[in-house]
Amino acid sequence: MPTAARDIPSGNGHSDSLARTVSNSFGTLDLSTSPTATFHSPTSSYGGHQKPSTKQLKPFQTQDVKVLLLENVNKTGQDILRKQGYQVEALKNSLPEDQLIEKIRDVQVIGIRSKTQLSANILKHAKNLIVIGCFCIGTNQVDLQYAAENGICVFNSPFSNSRSVAELMIGEIITLARQLGDRNNELHNGVWNKVSAGCWEVRGKTLGIVGYGHVGSQLSVMAEAMGMKVIFYDVVNLMSMGVATPVHSLDELLRQADFVTLHVPELPETMNMISTAQLDQMKQGAYLLNASRGSVVDIPALIKAMQAGKLAGAALDVYPNEPGGNGEHFTNNLSEFTEDLRKVKNILLTPHIGGSTEEAQSAIGVEVADSLVKYVNLGTTSGAVNMPEVTLRSLTMDEPNHVRVIYIHKNVPGVLRRVNEILGDHNVDKQMTDSRGDVAYLMADISSVNTSEIKDLYQSLEDLGSRIRTRVLY
């Protein structure tokens with residue numbers, strides 16, 4: 001039987017006493033449209049009517065949008081945000097928790113990379129925050145569920161640095177096969193050690209790729225071009241590139257591969273995915289490379305396997321604990337095994353630089369900053385990692401008295417009925433809603449709205465007990 005509609009209480013039921021000045025930005029009715037339009041409809045190439053230019057929406061004066069960027073976000077991203085008129089503060093490093101809590105209190109937008117941890121404890125102080133931009137692939141540094149439940153949208157860049165990571169893997173495969181790291185260190189110390197024992201060509205060797213996503217598939221193509229045989233394992237059934245061959249299990253891959261590269265997300269299932277049992281299954285003299293997440297490899301077990309001669313080499317670009325900034329921090333103060341790791345022969349240790357190229361960081365800056373602007377200005381959630389993906393056709397300059405309503409709410413029966421009762425006094429030109437777990441996202445464009453009516457419209461939605469966050473873009 002269908003679920004009966006549930007009556008939504010008038011009170012919002014939130015125990016959180018923190019004021020949300022973004023959500024409640026209509027106290028002074030400070031509404032504006034942007035003086036410039038960033039997103040333009042293309043002109044017709046068929047000689048027909050030219051499409052009206054897109055109307056730029058804003059929730060408040062652009063100078064009131066405060067943005068905090070940490071960890072040296074690329075200038076391309078900074079420029080995009082500044083061109084919107086936002087107040088942008090960009091810092092080169094991550095911040096300690098106490099300083100981050102103080103900084104995050106008043107910003108609407110925060111941009112981070114991989115070091116900054118946005119836990120529930122930090123986010124609960126972010127009374128104005130509406131969106132987080134992860135200028136990287138991963139989002140495990142953000143409490144995504146808490147963010148969604150509090151109406152904070154999260155964006156990332158899932159593939160912009162894929163080529164850079166894949167190229168690093170190719171370079172490290174050759175470097176390990178030829179023991180170039182050790183020869184380089186020896187010569188810097190004045191030792192001439194010209195040897196060929198244990199040095200190999202990569203042509204004809206088998207590369208086993210664990211995780212055949214954006215990075216793994218690109219690596220597959222490049223490795224085949226060098227004459228390597230490629231096998232891969234993924235929990236999802238994916239089409240292979242070139243003549244790469246899927247295998248049925250991780251164990252099967254480990255038994256066959258000369259080189260094993262890891263490209264998986266940080267999940268409970270991938271915690272210590274490679275430990276003693278898996279290392280024992282690898283070929284004698286094989287190589288292991290990890291460019292995914294630091295929790296995926298049991299590093300003490302890897303050290304033992306290297307010391308015992310089971311593996312001929314390894315490369316690590318990620319670690320369970322990583323410093324918050326550059327400097328002489330890679331010591332046992334970080335992890336108790338660090339100094340033992342540094343003593344192992346033919347192991348390449350890099351400071352999480354897989355995506356650290358000018359090209360990758362520029363592309364990430366553009367992709368994430370564009371997503372942030374579209375969310376702040378238009379409410380669009382396309383590409384969000386913790387919210388339903390909802391978008392509406394842009395309003396145009398021919399629609400001057402239109403308002404876009406965004407209502408993030410608890411996914412319970414009866415909400416749409418109550419919302420449409422509130423919107424019913426106006427013409428709803430278009431509306432879209434979707435849900436993801438316990439959170440739903442509704443976006444509607446309504447016409448013939450006077451400025452004097454917006455506050456009442458906003459407050460009526462805020463008073464619904466299902467409300468997580470209300471935004472009205474004008």
Inset, instruction - Check whether any side-chain heavy atom of Q99 lies under 4.5 Å from a side-chain heavy atom of P96, and answer yes or no. - result: yes

Legend entry - Minimum-distance pair of heavy atoms, taken over all atoms of L123 and A147: CD1-CB, 4.3 Å

Inset, instruction - Could you walk me through whether Y407 and I468 pass the side chain to side chain contact (heavy atoms under 4.5 Å, CB included) test, one step at a time? - result: CA-CA 8 Å; Y407 187 65; I468 293 175; over 6 Å; no

Inset, instruction - Without swapping roles, check the side chain of D317 against the backbone of G294 for a donor-acceptor pair under 3.5 Å. - result: no

Legend entry - E71 to S114 - nearest heavy-atom pair and separation: OE1-N, 3.4 Å

Inset, instruction - Give a yes or no answer on whether the side chain of S295 reaches the backbone of M271 with a donor-acceptor pair at less than 3.5 Å. - result: no

Inset, instruction - Taking only Lys NZ, Arg NE, NH1 and NH2, and the carboxylate oxygens of Asp or Glu, determine whether E167 and R163 approach each other closer than 4.0 Å. - result: yes

Legend entry - Within 6.0 Å of CG in D438, more than 12 heavy atoms from elsewhere: no

Legend entry - Qualifying residue for side chain to side chain contact (heavy atoms under 4.5 Å, CB included) with I110, from L372, I132, L69, I130: I132

Inset, instruction - Mark yes when over 12 heavy atoms from residues, nucleotides or ligands other than N193 sit less than 6.0 Å from its CG; otherwise mark no. - result: yes

Legend entry - S94 side chain to G324 backbone, donor-acceptor under 3.5 Å: yes

Inset, instruction - May I ask you to test the R203-M228 pair for a side-chain heavy-atom distance under 4.5 Å? - result: no

Inset, instruction - Assess whether atom CD of E336 is packed by more than 12 heavy atoms of other residues, nucleotides or ligands within 6.0 Å. - result: no

Legend entry - Distance, nearest 0.5 Å, that separates OG1 of T76 from CD of E358: 10.0 Å

Legend entry - L316 backbone acceptor or donor facing Y319 side chain under 3.5 Å: yes

Legend entry - Heavy-atom closest contact (G355 atom, S164 atom, distance): CA-CB, 4.2 Å

Inset, instruction - Report the C-alpha separation of M226 and I174 in whole Å, then their side-chain angles, then the decisive distance to 0.1 Å, and conclude whether the side chain to side chain contact (heavy atoms under 4.5 Å, CB included) test is met. - result: CA-CA 10 Å; M226 296 195 304; I174 295 172; 3.9 Å; yes

Inset, instruction - May I ask you to say whether E89 pairs ionically with K103, meaning some side-chain N is under 4.0 Å from a carboxylate O? - result: yes

Legend entry - Expected output: side-chain K310 to main-chain D280 donor-acceptor under 3.5 Å: yes

Inset, instruction - Decide if atom CG of D98 counts as having more than 12 heavy atoms of other residues, nucleotides or ligands within a radius under 6.0 Å. - result: yes

Legend entry - Separation between CG of N150 and CD of Q145, rounded to the nearest 0.5 Å: 10.5 Å

Legend entry - Flag side-chain contact, heavy atom, 4.5 Å: N411 against V439: no

Inset, instruction - Using the ring pair (Phe, Tyr, Trp, His ring centres under 6.0 Å) rule, collect all pairs that involve residues 187-220, keeping only residues at least two apart or in two chains. - result: F159-H214, Y212-F232

Inset, instruction - Using the six-membered ring of Y375, assess whether NZ or CZ of R471 lies under 6.0 Å from its centre and within 45 degrees of the ring axis. - result: yes

Legend entry - More than 12 heavy atoms from other groups under 6.0 Å of CZ on R178: no

Inset, instruction - Could you check if a side-chain atom of V67 sits within less than 4.5 angstrom of a side-chain atom of V107, using non-hydrogen atoms only? - result: no

Legend entry - Under 3.5 Å side-chain donor-acceptor pair for N140 and R293: yes

Legend entry - Spatial distance of atom OG (S435) from atom NZ (K410) [nearest 0.5 Å]: 15.5 Å

Legend entry - Atom pair CG/OG of D298 and S275 - distance to nearest 0.5 Å: 3.5 Å

Inset, instruction - Would you please say whether a donor-acceptor pair under 3.5 Å links the side chains of N121 and E97? - result: yes

Legend entry - Any donor-acceptor pair under 3.5 Å from Q117 side chain to V142 backbone: no

Inset, instruction - Give a yes or no on whether the backbone of G213 and the side-chain of S217 come within a donor-acceptor separation of less than 3.5 Å. - result: yes

Inset, instruction - Report the distance from atom CZ of F135 to atom CD of Q78, rounding to the nearest 0.5 Å. - result: 8.5 Å

Inset, instruction - Using modelled atom types only, decide if a donor and an acceptor are shared between the side chain of S292 and the backbone of P265 within a distance under 3.5 Å. - result: no

Inset, instruction - State, yes or no, whether a side-chain contact exists between T116 and L95 at a heavy-atom distance under 4.5 Å. - result: no

Inset, instruction - Please step through side-chain hydrogen bond (donor to acceptor under 3.5 Å, both in side chains) for the pair N156 and T139, ending with a clear verdict. - result: CA-CA 7 Å; N156 70 333; T139 56; 5.2 Å; no

Legend entry - Distance-only polar pair, side chains of H263 and T261, donor-acceptor under 3.5 Å: yes

Legend entry - Heavy-atom side-chain contact between L207 and K229 under 4.5 Å: no

Legend entry - K283 bridged to D258 by N-O distance under 4.0 Å: yes

Legend entry - Beyond-backbone contact of I209 with I231, side-chain heavy atoms, under 4.5 angstrom: no

Inset, instruction - Quick one: closest heavy-atom pair of G325 and N93, and the distance? - result: CA-OD1, 4.3 Å

Legend entry - Candidate pair L311 and L302, rule side chain to side chain contact (heavy atoms under 4.5 Å, CB included), full reasoning: CA-CA 9 Å; L311 299 187; L302 173 64; 3.6 Å; yes

Legend entry - Within-4.5 Å side-chain heavy-atom neighbours: I406 and L473: yes

Inset, instruction - Classify the side-chain pair Q281/D251 by whether it contains a donor and acceptor separated by less than 3.5 Å. - result: yes

Legend entry - Nearest heavy-atom neighbours spanning L334 and P323: CD2-CD, 3.7 Å

Legend entry - Backbone N/O of E252 and side chain of S249: donor-acceptor pair under 3.5 Å: yes

Inset, instruction - Can you see which heavy atom on S356 is nearest to which on R113, and at what distance? - result: OG-NH2, 3.9 Å

Legend entry - Donor-acceptor side-chain pairing of S157 and E367 below 3.5 angstrom: yes

Legend entry - Criterion side chain to side chain contact (heavy atoms under 4.5 Å, CB included) on V368 and C134, from CA distance to verdict: CA-CA 7 Å; V368 178; C134 296; over 6 Å; no

Inset, instruction - Indicate yes or no for a side-chain donor-acceptor contact from D143 to the backbone of Y146 under 3.5 Å, with no hydrogens or angles considered. - result: yes

Inset, instruction - Mind checking the CE-CG spacing from M306 to L288? Nearest 0.5 Å is all I need. - result: 9.5 Å

